[in-house]
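Side chains are part of it too, since the values below use all heavy atoms of this structure and drop only hydrogens, waters and symmetry mates. Just so you know, these numbers come straight off a predicted model, no measurement behind them. In what follows, chains carry the letters A, B, and so on, assigned in the order in which the sequence lines appear, proteins first and then strands, with residues in each chain numbered from 1.
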Amino acid sequence: MNLPAPKVFHQVTLVETGEVYRCREDETLLAGMERLGKRGIPVGCRGGGCGVCKVQVEAGEYSKRVMSRAYVSAEEEAAGIVLACRVKPLSDIRLAVLGKMKKNVCATPPAADAGASQP
Amino acid sequence: MATTGVMRPGHIQLRVLDLDESTTFYKDVLGLVETGRDAAGRVYFKAWDERDHNSVVLRQADRAGVDLIGFKVKDKATLEQLDKDLQAYGVATERVPAGELLETGERVRFTIPTGHVLELYADKTDVGNGQPYTNPDPWIPAAEHGIGPHRFDHCLLYGPNLEQTLELFTQVLGFHLVERVLMEDGKSLLAMFISCSHKAHDLAFVCHPEPGKLHHVSFLLGSWEQVLRAADIMSMNRVSIDIGPTRHGITRGTTIYAFDPSGNRFETFSGGYESYPDHQPITWTFDEVGPAIFYHDRKLNERFLSVVT
């Protein structure tokens, strides 16, 4: 019986919290985090379209796929600012989380409680 | 009701980041039928049970989201009248020539106060649903390919100025308000669900500071069983699921939300009720917005209010 080939793992470190998880080379940084039930990078569309999982890779090699220019400019991308759902690790990675999950509904009129506006 | 004037949402043009990947997804996972490609490289689809040539158009772009939504009107005279009515109301319109979209007649294009581009058109080639108009069978093999929805049903758009938008749709375009969600002040609109037909919604909006955003495009299934089948097909294909299967309080539809390969959210749903223009609208208060959106969880998931393209 042939077992699947062993997976290659790399260590991903979130610099703000020190959180560390093992991410496979064939999965995205976001998918690896989600698979282990970990938190730290906000999870949005997982397709490079919504921008909430924006991170800055401070150290490490990675492969990447096309991501929305509405959220990552060419200059940012060249500087290692990417969406975690479009990036797979080729080495251990250290990253800072830039994206936010904002409750982006309209602010209520000034007199009302601001609970629905941005946190 | 007699469906006249603006009849239904007929087409939506979506931006995708990788056209080949998205074409495969819309064809084989969602299960739409590819009906053409144009010189601009756009790919055209229809749901198997739709009769007109196209309802979903994909355009390769550097960002995800929605370019435009087209509503089919009863006939050419209606189109001309609605163009006049829009201009008289103070909405600037422009004409897009016939054929700019494949198999589609002249369109009247305008921008609504939420920042979205809308179009009206009277003609789109009837290519049928794969069955003859005489003695048809009830369904065809394409109905079982992928998720296989019956039709593009509605979409939910995020943007500002909901009150002005509601006025435009009800006073000029003949829509009626079916359900609404109020903000904490008990007056302003957080969300609204409007219909130009007997459907519970043909279009929906949530108030959002950034104009022109897409929350989801929705496809109709025949039953709750098919919603569960859609969920299985999504998981088999490792589709990014947002939430579900579950039920909405609003419209009572059963549903599952997921994302296409570019992050555009889509819904496959069934059920809900029928609306009539004389029905008074249903109102949800801010403190009950959880069960209004997700009836079983009774709370919103964070992504639902935050993630748009």
Side-chain angles (χ1 to χ4, degrees), chain A residues 24 26-35 39-54 63-77 82-88 99-119, chain B residues 14-19 21-22 25 60-65 158-162 181-191 205-210 212-216 238-242 257-266 286-287 289 300-309:
Chain A
R24 294 200 315 245
D26 66 353
E27 68 185 351
T28 67
L29 299 178
L30 194 69
M33 183 195 76
E34 279 199 276
R35 187 171 48 74
R39 288 161 187 268
I41 308 172
V43 180
C45 72
R46 309 183 187 91
C50 78
V52 310
C53 66
K54 195 169 180 176
S63 62
K64 65 189 176 189
R65 290 199 56 213
V66 60
M67 55 196 90
S68 171
R69 279 282 173 261
Y71 300 104
V72 180
S73 69
E75 295 73 30
E76 286 180 318
E77 195 176 324
V82 292
L83 302 182
C85 67
R86 302 300 262 182
V87 166
K88 297 176 181 177
K100 264 196 220 136
M101 186 76 85
K102 291 182 288 191
K103 275 193 184 163
N104 243 338
V105 296
C106 289
T108 45
D113 180 353
S117 62
Q118 299 189 14
Chain B
L14 297 171
R15 297 188 295 270
V16 298
L17 301 174
D18 180 328
L19 190 63
E21 178 188 39
S22 294
F25 173 84
Q60 169 97 42
D62 70 357
R63 63 202 63 202
Y158 271 40
N161 307 317
L162 257 55
V181 183
L182 299 179
M183 297 228 248
E184 288 154 302
D185 66 356
K187 295 192 296 266
S188 318
L189 287 170
L190 170 62
F205 294 92
V206 166
C207 190
H208 182 80
E210 209 181 338
K213 305 302 273 186
L214 173 69
H215 186 272
H216 72 262
R238 308 294 185 265
V239 173
S240 169
I241 293 177
D242 186 1
Y257 286 99
F259 297 97
D260 84 356
S262 306
N264 296 308
R265 192 188 277 95
F266 68 99
F286 189 83
D287 56 315
V289 68
L300 289 174
N301 82 347
E302 221 180 357
R303 269 196 298 273
F304 198 83
L305 283 185
S306 317
V307 173
V308 290
T309 56

Q) How far does CG of B:Asp62 sit from OG of A:Ser73, to the nearest 0.5 angstrom? A)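 If I round to the nearest 0.5 Å, the distance is 11.0 Å.
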
Q: Rounded to the nearest 0.5 Å, what's the gap from SG on A:Cys50 to CG on B:Leu214? Could you check?
A: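 Reported value, rounded in 0.5 Å steps: 12.0 Å.
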
(Q) I'd like to know if the side chain of A:Arg46 and the backbone of B:Ile241 have a donor-acceptor N/O pair within less than 3.5 Å. (A)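 Yes, A:Arg46 side chain to B:Ile241 backbone: donor-acceptor pair under 3.5 Å.
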
Q | Under 4.5 Å from a heavy atom of chain B, the part of A:Val43 involved | A |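 Contact with chain B: backbone and side chain both.
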
**Q.** A:Val66 versus chain B, the contacting section by heavy-atom distance below 4.5 Å
**A.**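 The answer is both parts of A:Val66.
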
Q | Most contacts with chain B, counted as non-hydrogen pairs under 4.5 angstrom, among A:Gly51, A:Cys45, A:Gly49, A:Gly48 | A |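 Going by pairs under 4.5 Å, I would pick A:Cys45.
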
Taking the side chain as C-beta and beyond, is there a heavy-atom pair between [X] and [Y] under 4.5 Å?
{"X": "A:Arg69", "Y": "B:Leu17", "value": "no"}
{"X": "A:Met67", "Y": "B:Arg63", "value": "no"}
{"X": "A:Arg65", "Y": "B:Asp18", "value": "yes"}

Q: Please determine if A:Glu27 and B:Arg238 form a salt bridge, counting it only when a charged side-chain N lies under 4.0 Å from a carboxylate O.
A: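 Salt bridge flag = no for B:Arg238 with A:Glu27.
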
Q) Most heavy-atom pairs under 4.5 angstrom with chain A, which of B:Pro261, B:Ala64, B:Ser240? A)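 Option with the top pair count is B:Ser240.
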
Q: Go through the atoms of B:Arg265 and report whether side chain, backbone, both or neither lie under 4.5 Å from a heavy atom of chain A.
A: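 For B:Arg265, there is no contact with chain A at all, as no heavy atom is under 4.5 Å.
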
(Q) With a 4.5 angstrom heavy-atom cut-off, is it the side chain or the backbone of B:Lys187 that approaches chain A, or both, or neither? (A)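 Contact with chain A is absent: no heavy atom of B:Lys187 under 4.5 Å.
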
Q: Tell me, yes or no, whether the heavy-atom count around A:Arg39 atom CZ, taken from other residues, nucleotides or ligands under 6.0 Å, exceeds 12.
A: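 Result for CZ/A:Arg39: open.
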
